[in-house]
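Note that the structure is a prediction, hence the values are computed from the model and not measured.
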Amino acid sequence: DKLITQVLEVTLRHLLFEEWDAVPALRMIRVSAAELRRRAEQLARRISGAEVMESSSVAGGGSTPDQTLPAWVVAIPGNAVRIEKMLRGGDPPVTARIENERLLVDLRTVLESEEEELLAALTRAV
């Protein structure tokens with residue numbers, strides 16, 4: 001419909017003029033590991049027992065399954081499976097991943113304006 005056509009037009013215009021940060025997915029891909037580390041450290045300081053770990057982000061599931069980007073994540077203490085289930089079922093739902101029995105939150109897909117809401121969700125789940 002017209003709305004889809006308009007959104008595609010705007011997105012293609014941003015790409016044509018190399019306005020990468022105007023496209024949310026491209027802005028998230030372009031976030032540096034140093035910036036992610038800074039944000040992760042700020043978030044981890046506000047969650048008792050949380051740690052910051054070096055990791056990687058997957059750039060795109062189906063389109064680029066083997067492409068990763070350097071990242072820093074927040075490891076959340078506690079029962080990873082229980083907390084992940086609570087986050088996924090919360091409002092808003094939060095997607096995290098479990099590695100080595102630890103719940104990891106990757107801020108690459110979280111806008112800075114969403115961090116307070118993420119913190120509230122994590123606080124409720126922990």
Side-chain angles (χ1 to χ4, degrees):
D1 68 347
K2 291 180 183 180
L3 180 60
I4 292 173
T5 303
Q6 183 180 12
V7 170
L8 285 172
E9 178 185 344
V10 169
T11 302
L12 290 173
R13 188 176 310 279
H14 289 311
L15 294 175
L16 178 65
F17 292 109
E18 298 181 5
E19 298 168 339
W20 313 123
D21 288 343
V23 180
L26 294 178
R27 182 174 58 240
M28 291 174 176
I29 288 171
R30 294 168 42 89
V31 173
S32 71
E35 175 65 11
L36 290 174
R37 183 178 188 176
R38 179 191 67 76
R39 290 173 56 203
E41 288 172 346
Q42 285 180 341
L43 182 65
R45 279 194 291 270
R46 298 175 70 189
I47 302 168
S48 179
E51 298 176 45
V52 175
M53 299 172 40
E54 192 169 12
S55 187
S56 60
S57 300
V58 178
S63 59
T64 56
D66 296 328
Q67 185 176 357
T68 60
L69 301 166
W72 290 82
V73 297
V74 179
I76 306 299
N79 182 318
V81 173
R82 182 190 63 76
I83 297 169
E84 189 274 338
K85 185 177 181 180
M86 288 181 67
L87 289 171
R88 200 171 3 101
D91 183 23
V94 174
T95 302
R97 68 179 189 259
I98 298 174
E99 288 182 12
N100 300 321
E101 299 180 21
R102 297 185 82 180
L103 184 75
L104 305 180
V105 177
D106 185 345
L107 295 177
R108 185 172 298 280
T109 59
V110 178
L111 299 174
E112 284 191 75
S113 62
E114 299 170 327
E115 288 181 14
E116 287 300 317
E117 198 169 14
L118 172 62
L119 177 62
L122 290 169
T123 302
R124 284 190 302 271
V126 176

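- Between atom CE of residue Met28 and atom CG of residue Leu111 there is a gap of 4.0 Å, rounded to the nearest 0.5 Å.
- Annotation for Glu117: atom CD does not count as buried by contact number, only 12 or fewer foreign heavy atoms lying within 6.0 Å.
- The CE atom of Met53 lies 11.5 Å from the CG atom of Asp106; values are rounded to the nearest 0.5 Å.
- By the 4.5 Å side-chain criterion applied to Ile, Leu, Val, Met, Phe, Trp and Tyr, Val31 is assigned to a cluster that also includes Leu36, Leu43, Ile47, Val74, Ile76, Val81, Ile83, Leu87, Val94, Ile98, Leu103, Val105, Leu107, Val110, Leu118, Leu119, Leu122, Val126.
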- Begin from the C-alpha positions of Glu35 and Arg30 and carry the test side chain to side chain contact (heavy atoms under 4.5 Å, CB included) through to its verdict. CA-CA 10 Å; Glu35 175 65 11; Arg30 294 168 42 89; over 6 Å; no
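- Rounded to the nearest 0.5 Å, atoms CG (Leu16) and OG1 (Thr11) are 12.5 Å apart.
- Side-chain contact check for Trp20 versus Leu15: some heavy-atom pair is nearer than 4.5 Å.
- Residues Arg97 and Val73 have side chains in contact (heavy-atom distance under 4.5 Å, counting atoms from C-beta outward).
- Atoms OG and CZ, on Ser32 and Arg108 in that order, are 8.0 Å from each other to the nearest 0.5 Å.
- Under 3.5 Å, the side chains of Gln42 and Arg38 contain a donor-acceptor pair of N or O atoms.
- For the residue pair Ala33 and Ala71, the shortest heavy atom distance occurs at CB-N, 4.5 Å.
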- Message: Set out, in order, the CA-CA distance, both residues' side-chain angles and the distance that settles side chain to side chain contact (heavy atoms under 4.5 Å, CB included) for Met86 and Arg124, then state yes or no.
- Response: CA-CA 9 Å; Met86 288 181 67; Arg124 284 190 302 271; 5.8 Å; no
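- Side chains of Asp1 and Ile4 form a contact here, defined as non-hydrogen atoms less than 4.5 Å apart.
- Considering CZ of Arg27 and CD of Glu19, their distance stands at 12.5 Å, rounded to 0.5 Å.
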